[in-house]
Amino acid sequence: MSVLSRGFGRGRSRPADDRLPPGQYDAGDAFPVLSAGPTPHTPLARWDLAVDDGTGTRARWTWEEFRALPHEALTVDLHCVTKWSKFGTRWEGVAVDRLLQDVPDPAPYVLATSDGGYTTNLPLADLTGGRAWVVDTYAGEPLAPEHGGPARLLVPHLYLWKSAKWLRRLTLRASDEPGFWETFGYHLYGDPWREQRYSGD
Amino acid sequence: MLDNRAETPRVHRLVLDVPGWSGHLPGQHVDVRLTGEDGYSAERSYSLASPPEEPALHLLVERLDDGEVSPYLTGEVRRDDEFELRGPIGGWFVWSVSADRTDREAARRPVQLVAGGAGVSPFVAMLDHHRRLDSPTRMQLLYSVRTEEEVLGRDVLGPETTLTLTRQAPAGWRGETGRIDAAMLRRRTIAPAERPRTYVCGPTVFAEAVASTLVGIGHDPSTIRIERFGSSGESS
């Protein structure tokens, strides 16, 4: 049961848009930036990306090695828990399926860890099957640091805090332990279409 | 809604009576949901500008002319009107006396606040809370604002606050002017050697610039917390 606000929204043209999940608005051309701390600037010579199977590092790529992996181009809509959505964003990156292909019997959950200490948790099933990528290119250009460059996770079917910026490590785990924002009351899973913003949604 | 008054030419102070409010920590925000008569609804986040000791909740809402929610909240909502509110939300960008009592090691480190424009809202709550409970924690605020008329939270800000006026300063102004840069941070904020807990809140570009400059003058990135409002979003 909603409390109605007299006259709110009157006269505003807003064609129904089935791309917009509940409670979201279209940010248009803007690409807002949010992060919990300062933007890290790790030199590419010191950058690497690792996959840990829970017992230790099972795969590791330097920047050059990562750039040489097969990249896919994708165009996706983004949904941030702070309520903005952005349609038709163009990215290039490596499918997480490719990064995990040499890990036998991977555990069912993943913790993504970033430069600066940020973490987020996801079920493995949401990172595989062509639903998630590690991207290094946005709109045809190298991914800018404030948007997560050199490389970030991109899981477009979940709220954007799950798409960890400045990604450095994927760790497979037996249980779904909360990451950074999840510890501070944000939803463990974060499906924008079910409006899973906060714990208990 | 208990009161809706202009705090400055662009910002209104909304005073809300929320039955059953569970209490909050300074720095937390709420989600406001407005629903029109046709069922259309929109939600935005606003930081709480009042401390937990204050029974009414205060929001400082900046009118964004191309916004959808802020013109309604600042222009249309009147005393006794109702709307939906959810919160408190957020556990990262917070500071409280009780947390300092629990974590003695952190409590020895001073707190530096850096605000841009309406980003001062959560800091008004922190400073008010700090004062009412007579906290021993050293706390300072550097507040970047366009003009003196646009200063928010005047009744709370005191000698711990340094203003820098970025657009226009009154005749005889002896304080800081211009945007926050490395030299001003060195001059007017707690030095890296004291390992302050630093909180930065403001528009995206402001927060990004201040945080990078703080790291540049020697602050450990892990000691800096950021809250921003997006370039197209409304204040959070």
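Values reported hereafter were calculated over all heavy atoms of this structure, with side chains retained and with hydrogens, waters and symmetry mates removed. Labels below follow one simple rule: chain letters A, B, ... track the order of the sequence lines, proteins then strands, and each chain is numbered from 1.
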All N/O donor-acceptor pairs, side-chain side in residues 69-80 of chain A, below 3.5 Å, sequence neighbours left out:
residue : atom : partner  : partner atom : Å
A:His71 : ND1  : A:Leu69  : O            : 2.7
A:His71 : NE2  : A:Asp136 : OD2          : 2.7
A:Glu72 : OE1  : A:Trp133 : NE1          : 2.8
A:Asp77 : OD1  : A:Gly88  : N            : 2.8
A:His79 : ND1  : A:Ser85  : OG           : 2.7

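- Proximity to chain A (any heavy atom under 4.5 Å) is shown, for B:Glu82, by both the backbone and the side chain.
- For B:Ile89, the part lying under 4.5 angstrom from a heavy atom of chain A is the side chain only.
- In terms of modelled atom types and a separation under 3.5 Å, the side chain of A:His187 and the main chain of A:Asp201 share a donor-acceptor contact.
- The backbone N or O of A:Gly130 lies less than 3.5 Å from a partner atom in the side chain of A:Asp97, making a donor-acceptor pair.
- In this structure, the portions of B:Phe83 lying under 4.5 Å from any heavy atom of chain A include both its backbone and its side chain.
- Relative ring orientation between A:Phe31 and A:Trp91 is described as perpendicular, the plane-to-plane angle rising above 60° on a 0-90° scale split at 30° and 60°.
- Aromatic ring pairs are classed by plane angle as parallel below 30°, tilted from 30° to 60° and perpendicular above 60°; the pair A:Tyr118 and A:Phe180 is tilted.
- At a threshold of 4.0 Å, the pair B:Asp81-A:Arg6 counts as salt-bridged, since one of the basic side-chain nitrogens sits closer than that to a carboxylate oxygen.
- Listed by chain and residue number, nothing satisfies the ring-ring contact (aromatic ring centres under 6.0 Å, His included) test with A:Tyr189 (two or more places apart in sequence, or in another chain).
- The residue among A:Gly185, A:Gly116, A:Pro38 with the most heavy atom pairs within less than 4.5 Å of chain B is A:Pro38.
- The parts of A:Ser35 that come within reach of chain B are both its backbone and its side chain, each placing non-hydrogen atoms under 4.5 angstrom from that chain.
- If you measure heavy-atom distances from A:Arg197 to chain B, the contacts under 4.5 Å come from the side chain alone.
- A search for salt bridge (charged side-chain N to carboxylate O under 4.0 Å, His left out) contacts involving A:Arg152 returns nothing, not counting sequence neighbours.
- Using modelled atom types, one side-chain atom of B:Thr164 and one backbone atom of B:Gly178 make a donor-acceptor pair closer than 3.5 Å.
- For residues 166-179 of chain A, an interface with chain B (any heavy-atom pair closer than 4.5 Å) does not exist.
- Between chain B and the options A:Ala36, A:Pro40, A:Gly117, the largest number of non-hydrogen pairs under 4.5 Å is found for A:Ala36.
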